[in-house]
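Throughout, protein chains are lettered first and strands after them, A, B, ... in sequence-line order, and every chain is numbered starting at 1.
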There are 2 protein chains.
Amino acid sequence: MSIFDVAVWKDGRVRMMDQRALPHEEIYLTFSSAQEVAGAIRAMVVRGAPAIGCAAAFGMAVEAFRLAANGPPDNWPAAMAPGMAALRDSRPTAINLVWALERLRPLLEGGEPDRVPDRLLCEAEAIRQEDIESCRSMGQFGADFLPMTADRTIALLTHCNAGALATAGYGTALGVIRAATHRFEQVRVYASETRPYLQGARLTAWELLKDGIDTTLITDGMAGHLMSRGMVQAVVVGADRVAANGDAANKIGTYPLSVLAHRHQIPFLVACPLSTIDLATATGADIPIEERPAEEVTHCLGRRTAAQGVKVFNPAFDVTPAALISALVTEKGVVTAPDREKIAHLFDMP
Amino acid sequence: MSIFDVAVWKDGRVRMMDQRALPHEEIYLTFSSAQEVAGAIRAMVVRGAPAIGCAAAFGMAVEAFRLAANGPPDNWPAAMAPGMAALRDSRPTAINLVWALERLRPLLEGGEPDRVPDRLLCEAEAIRQEDIESCRSMGQFGADFLPMTADRTIALLTHCNAGALATAGYGTALGVIRAATHRFEQVRVYASETRPYLQGARLTAWELLKDGIDTTLITDGMAGHLMSRGMVQAVVVGADRVAANGDAANKIGTYPLSVLAHRHQIPFLVACPLSTIDLATATGADIPIEERPAEEVTHCLGRRTAAQGVKVFNPAFDVTPAALISALVTEKGVVTAPDREKIAHLFDMP
């Protein structure tokens, strides 16, 4: 599998591929403070819930090294508070951001104060390694769940980019697709372009083609036609936050796919690590939905598409109710027809 | 209402607004033969089923004048055959094209041969005038059908452009919306941008804003989110061909809207003149679906969006089954829950 440095530690700084330049250029940027990393998350240099979690963790580490450059601060939690707040507020929907920060927070207190930067960095590295392993597990569980066909071929539809680029590596939904290529003789992927930000066209097509996976691009409105013609055997997407009852927020346009899949009796899989499941969010109605700038909709790659003066509504995510999710694919296994009890049980598993 | 020359007769030639240049420029082009008009239809200078019908009719007229320039041909049907074939083959899905040609065909025979060009022109003008009147009727019928709300406000979702630009004037779906502004105190329109060709962003937003109608642009994937939040009270779209059983082909992305509207119990209206209904097409499965060039999907306004090497599937239309259509709005009235019998009855009405 191709490896891209989505969010890594290098030479004492955070290094991230600038995903805004894809698929045309592979540019890497480096960041030296939490504020800089937060800015990169806001600007979508890095995106995808697990990747944002990793980026935030490394953002904490780099902030700690920066603060400790002239000796460790007297009060680590107070010194780190502004950077943590900037990271936490950089995107509202993906819960992995908060999850990563909360995982690192206890390391700010206790122990030797001058060891805080190293402790944060070790934990950030652990988050990154665990994310890659989680994706591999999810991939296998998800691929095994897919319905085997008589001719051992399958066509999968995915939306946005829940790939290597959205995680520390391998991907959630695209991890399932990658693993499926080992189980099926032929895997064909339909990638919806995912307006307004074109993650499907720019990122998913790019990373799947790098791995030699048969990928066909469609616009977001075409999924219904494909399903009505029997051209898709399963839908596999990622998630930005899953509520305690199994409702899943994911990139805008996901919910319509779940409704269509339900109508056409096509399995609808949501692949995400447990770090994306937020037991403190009761239902999908409680998930904050980020609204992004109008220019994303009135323009495409910087060129104005829309008539001047038109208003814009630009929600970045929608919520798929648990009832429309055939299976939630996690690193601990597949939860079919997810509900509150089954999800709570996931967290009790070893 | 603003008037644009979508397809008109001017100074012995066919004049059409070049809709490819909208919303940035208002350019008019003129055409002197059936082949030229067919080329303009293929190239999407003009689009929208009723507008294509008008354009084809004027294309026939201009071809006849061209052929008669040095005296009328001996055999009008034979002389016109190549031009008619070019027009007929210019787009496969919209049936109004065939309908207009078949309406003009009988005028090629009988009567004085040197009067053929004038007869074709008169009939083309009649088609154009009738289309405008049909749109006005449809608008009124459709607006009256919309559910009145307690505060006399309504939010309508439309897709692609079924407007003045898609007809001889006033529009089918947008005709309903225009008429609704007289019945409701406030009408808010959500226009989906309609990738890949952006008819919603470029054309619908442009013509609705010209009329001062409150218009908000969304991407195609956002409709589900709007409906789940109760932000839309009805969906109104046009059609390119309606089969005898009520199945309706319309711009790709329409079918998902009908599935979503059904789930959310929102009325789903298809507005089209009888010339769009083809009794010779039994069901939606018999409607040919045009596939258009890959570049429409891999690019946006000429800029490449997609990773190099990706395959593309680009069907221009999808089919909404009659069962998901709350009402078919025609110039003869509204047919609720359309089926074969009700549609056949429409053609028997005076």
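When A/Pro256, A/Pro23, A/Ala201 are compared by the number of non-hydrogen pairs under 4.5 Å with chain B, A/Ala201 comes out ahead. Chosen from B/Val319, B/Leu22, B/Ile289, B/Leu208, the residue pairing most often with chain A at heavy-atom distances under 4.5 Å is B/Ile289. When B/Pro315, B/Cys300, B/Gly200 are compared by the number of non-hydrogen pairs under 4.5 Å with chain A, B/Pro315 comes out ahead. Put simply, of A/Ile252, A/Leu226, A/Leu203, the one with the most heavy-atom pairs under 4.5 Å next to chain B is A/Ile252.
Of the atoms belonging to A/Ile213, not a single heavy atom falls under 4.5 Å from chain B. Heavy-atom distances place the side chain of A/Leu198, and not its backbone, under 4.5 Å from chain B. For A/Ile218, the parts lying under 4.5 angstrom from a heavy atom of chain B are both the backbone and the side chain. For B/Leu301, the parts lying under 4.5 angstrom from a heavy atom of chain A are both the backbone and the side chain. Interface remark: A/Met231 contributes side-chain atoms only to the contact with chain B (heavy atom separation under 4.5 Å).
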Candidate polar pairs, chain A side and chain B side, donor-acceptor under 3.5 Å:
| unit_1 | atom_1 | unit_2 | atom_2 | d |
| --- | --- | --- | --- | --- |
| A/His24 | NE2 | B/Arg304 | O | 3.0 |
| A/Glu193 | OE1 | B/Arg195 | NE | 3.3 |
| A/Glu193 | OE1 | B/Arg195 | NH2 | 2.7 |
| A/Glu193 | OE2 | B/Arg195 | NE | 2.7 |
| A/Arg195 | NE | B/Glu193 | OE1 | 3.3 |
| A/Arg195 | NE | B/Glu193 | OE2 | 2.7 |
| A/Arg195 | NH2 | B/Glu193 | OE1 | 2.7 |
| A/Ala201 | O | B/Ala307 | N | 3.1 |
| A/Asp214 | OD1 | B/Lys311 | NZ | 3.0 |
| A/Asp214 | OD2 | B/Lys311 | NZ | 3.1 |
| A/Thr215 | O | B/Lys311 | N | 3.1 |
| A/Leu217 | N | B/Lys311 | O | 2.7 |
| A/Leu217 | O | B/Phe313 | N | 3.2 |
| A/Gly221 | O | B/Gly253 | N | 3.3 |
| A/Gly253 | N | B/Gly221 | O | 3.3 |
| A/Tyr255 | OH | B/Arg263 | NE | 3.1 |
| A/Tyr255 | OH | B/His264 | NE2 | 2.6 |
| A/Arg263 | NE | B/Tyr255 | OH | 3.1 |
| A/His264 | NE2 | B/Tyr255 | OH | 2.5 |
| A/Leu301 | O | B/Arg303 | NH1 | 2.6 |
| A/Arg303 | NH1 | B/Leu301 | O | 2.6 |
| A/Arg304 | O | B/His24 | NE2 | 3.1 |
| A/Ala307 | N | B/Ala201 | O | 3.1 |
| A/Lys311 | N | B/Thr215 | O | 3.1 |
| A/Lys311 | O | B/Leu217 | N | 2.7 |
| A/Lys311 | NZ | B/Asp214 | OD1 | 3.0 |
| A/Lys311 | NZ | B/Asp214 | OD2 | 3.1 |
| A/Phe313 | N | B/Leu217 | O | 3.2 |

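The SG atom of A/Cys160 sits 9.5 Å away from the CG atom of A/Leu174 when rounded to the nearest 0.5 Å.
Using a 4.5 Å heavy-atom cutoff, the side chains of B/Val187 and B/Leu156 are in contact. Considering only heavy atoms from C-beta on, B/Val6 stays 4.5 Å or farther from B/Met17 through its side chain.
The shortest heavy-atom contact between A/Ala166 and A/Ala162 is CB-CA, 3.9 Å. B/Pro288 and B/Pro92 get closest at one heavy-atom pair: CG-O, 3.5 Å. Between B/Ala306 and B/Val310, the closest heavy-atom pair is CB-CG1, 4.0 Å. The shortest heavy-atom contact between A/Ala223 and A/Leu257 is CB-CD2, 3.3 Å. Across all their heavy atoms, B/Phe313 and B/Val297 have their closest contact at O-CG2, 4.4 Å. Residues B/Ile325 and B/Gly246 share a closest heavy-atom pair of CD1-O, 3.3 Å.
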**Prompt:** Between A/Val237 and A/Leu269, does a side-chain contact (heavy atoms from CB on, under 4.5 Å) hold up when you go through it step by step?
**Reply:** CA-CA 6 Å; A/Val237 297; A/Leu269 281 64; over 6 Å; no
